[in-house]
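Heavy atoms only: backbone and side chains are in, while hydrogens, waters and symmetry mates are out.
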Number of protein chains: 2
Amino acid sequence: MNETAKKPRGRPRAYEPQVALRQATGAFWKSGYAATSLDDITAATGMNRPSLRAAFGDKRAIYLQALAGYWELQLVATRKALDGDHALETALMRVYDAALAIYFSGDGPARGCFVVGTAITEAVDDPEVRRSVMDGFRTLDTRFEARLRRARDSGELGSDTDPTALALLATATLHTLALRARAGTSRKDLRTLASKAVGVICG
Amino acid sequence: MNETAKKPRGRPRAYEPQVALRQATGAFWKSGYAATSLDDITAATGMNRPSLRAAFGDKRAIYLQALAGYWELQLVATRKALDGDHALETALMRVYDAALAIYFSGDGPARGCFVVGTAITEAVDDPEVRRSVMDGFRTLDTRFEARLRRARDSGELGSDTDPTALALLATATLHTLALRARAGTSRKDLRTLASKAVGVICG
DNA sequence: ATGTTTCCATACGCAACGGTACAAAATGAA
DNA sequence: TTCATTTTGTACCGTTGCGTATGGAAACAT
């Protein structure tokens, strides 16, 4: 493992940027973009305001980086869940279980999906946020569709099925999980919901 | 039509409360609860701040009334769409068309669903909002399930279908429409999405 | 040691926010 | 006309928010 050549000139920074960004993400995740103050973020990260600004920029810049990091997390989890040679039902449930693990992460009440809980609200006024959400959704659709098409080609699904249509329902299931988690539905209930949805999608 | 006995004592109010509440709803709808200031609401309604307070209470009270009014609108529209003796496919599409009419109402870019765009964010910190969202979601599930059960009993759906599972997908479709509308997907694309989903749900 | 560089930490300025006090205006009642 | 009642409209108060200026601290280089 390369120690990344530790030879900065001045005073060493007291906080790991990557860790701090994750903590800032947690602050936004709980109360949304607008209701989260920089004081909330300093409290969550332990960084003071000038350091925060130097490291990430202003509040919106911090949020955009948090959003990008969350998509990375979510999409990597989805990819991992879909990869491998699991049966279609298993693969889909792996996606939903991975999502639930994220939606119910952290202390306190479930925060659901970071995108659904924080970015969707801002999407109307902020074009960059809107684009990020749109791209992420599209990627999810594509991933699901690829997997479903593979299932159809391998005979796991009937040849009369429509991978595009089923992919939309697979994403829709993810969306409803995201919303309901934040609305207070229990993890157990959401898992049975996902399981029912998978049952229908897989025929 | 009863004119509701117009005999108030003092100076007449300059604005119709019901209209003002709808205008306030529009303000919250665009930018969310936290990012909407009372100045925004006074601008939207034409009312000044003290009148606003006298009529509806503080900012949170205004929002809660807006939320209740929106659920009323949404649930009435859903009921109307499902009522009558339309074929199942038609009935479901009527629901989604009604929803899209709401999601794409107003000027400017689509604001999606008011609940999804504004209440979901607040649901974690505000128990009353959370309860409102939960109740609304549950009502939607129940309505869909009742209609699907009716379809199964009447032979419109196969006797081996699960109305509960299909109802979850019907609600999930509504949820994905709500999210995607706010993320910028076109109304036309969303309608074909809904149509594909209906195709799968109805077998 | 001394200087240079980089980052931390306190404190400040200014604008925006939510809420309210107070006086003027508009009506019905007497 | 005069009084009582209700709403309007302006102006204000205390708080919070974001961003930044300024001085001190911790490292490396010479």
Given [options], identify the nucleotide with an atom nearest to the side chain of [X].
X	options	value
B:Arg11	D:dA29, C:dA26, C:dT10	C:dA26
A:Arg9	D:dT8, D:dC18, D:dA29	D:dA29
A:Pro12	D:dA27, D:dC28, C:dA9	D:dA27

Backbone of A:Asp189 reached by a side-chain donor or acceptor of A:Thr192 within 3.5 Å: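 Yes, A:Thr192 side chain to A:Asp189 backbone: donor-acceptor pair under 3.5 Å.
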
Taking salt bridge (charged side-chain N to carboxylate O under 4.0 Å, His left out) as the cut-off, I'd like each qualifying pair that reaches into residues 111-126 of chain A, sequence neighbours left out, listed once.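 Qualifying pairs, neighbours excluded: A:Arg60-A:Asp126, A:Asp125-B:Lys30.
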
In whole angstrom, give the distance that lies between atom [atom1] of [X] and atom [atom2] of [N].
X	N	atom1	atom2	value
A:Leu52	C:dA9	CG	P	13 Å
B:Arg13	C:dG28	CZ	P	15 Å
B:Asn48	C:dA24	CG	P	16 Å
A:Tyr33	D:dC18	OH	C1'	10 Å
B:Ile41	C:dC17	CD1	P	11 Å
A:Asp39	C:dA11	CG	P	14 Å

Would you mind listing every ring-ring contact (aromatic ring centres under 6.0 Å, His included) that reaches into residues 165-203 of chain B, with sequence neighbours excluded?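 Only B:Phe137-B:His175 qualify under ring-ring contact (aromatic ring centres under 6.0 Å, His included).
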
Only Watson-Crick and G-U wobble pairs with both distances less than 3.5 Å should count. Give DNA chain D in dot-bracket notation, marking inter-strand partners with |. ||||||||||||||||||||||||||||||

With nearest nucleotides of DNA chain D determined for B:Met47 and B:Gly10 from heavy-atom distances, which residue corresponds to the more 5′ nucleotide?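 Nearer the 5' end of the strand: B:Gly10.
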
Given side chains that start at C-beta, do those of A:Ile62 and A:Phe28 come closer than 4.5 Å, heavy atoms only?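 Counting from C-beta outward, A:Ile62 and A:Phe28 do come under 4.5 Å.
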
Does this structure show an ion pair linking B:Glu145 with B:Arg138, if we count only N-O contacts that are shorter than 4.0 Å?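 Looking at B:Glu145 and B:Arg138, the cut-off is not met.
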
Short heteroatom pairs, N/O only, protein and nucleotides 19-22 of chain C, under 3.5 Å:
residue: C:dG19; atom: OP2; partner: B:Lys59; partner atom: N; Å: 3.4
residue: C:dT20; atom: OP2; partner: B:Arg53; partner atom: NE; Å: 2.5
residue: C:dT20; atom: OP2; partner: B:Arg53; partner atom: NH2; Å: 3.2

Whichever of A:Ser51 and B:Ala35 has its nearest DNA chain C nucleotide further upstream toward 5':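 Checking each residue's closest nucleotide, the 5'-ward one belongs to A:Ser51.
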
Considering all heavy atoms, the nearest B:Val116-B:Ala178 contact: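 Nearest heavy atoms, B:Val116 then B:Ala178: CG2-CB, 3.8 Å.
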
Distance-only donor-acceptor pairs under 3.5 Å for side chains of residues 11-27 of chain A, two or more places apart:
residue: A:Tyr15; atom: OH; partner: A:Gly46; partner atom: O; Å: 2.9
residue: A:Thr25; atom: OG1; partner: A:Leu21; partner atom: O; Å: 2.7

Spatial distance of atom CG (B:Leu190) from atom CZ (B:Phe104) [nearest 0.5 Å]: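 Interatomic distance, B:Leu190 CG to B:Phe104 CZ, rounded to 0.5 Å: 5.0 Å.
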
Classify A:Thr42 by what it touches in the nucleic acid, base, sugar-phosphate, or nothing, heavy-atom distance under 4.0 Å.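 Since no nucleic acid heavy atom lies under 4.0 Å of A:Thr42, the category is nothing.
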
Indicate every side-chain donor-acceptor pair of residues 72-86 of chain A with a distance under 3.5 Å to a residue at least two apart or in another chain.
residue: A:Thr78; atom: OG1; partner: A:Gln74; partner atom: O; Å: 2.8
residue: A:His86; atom: NE2; partner: A:Arg94; partner atom: NH1; Å: 3.4

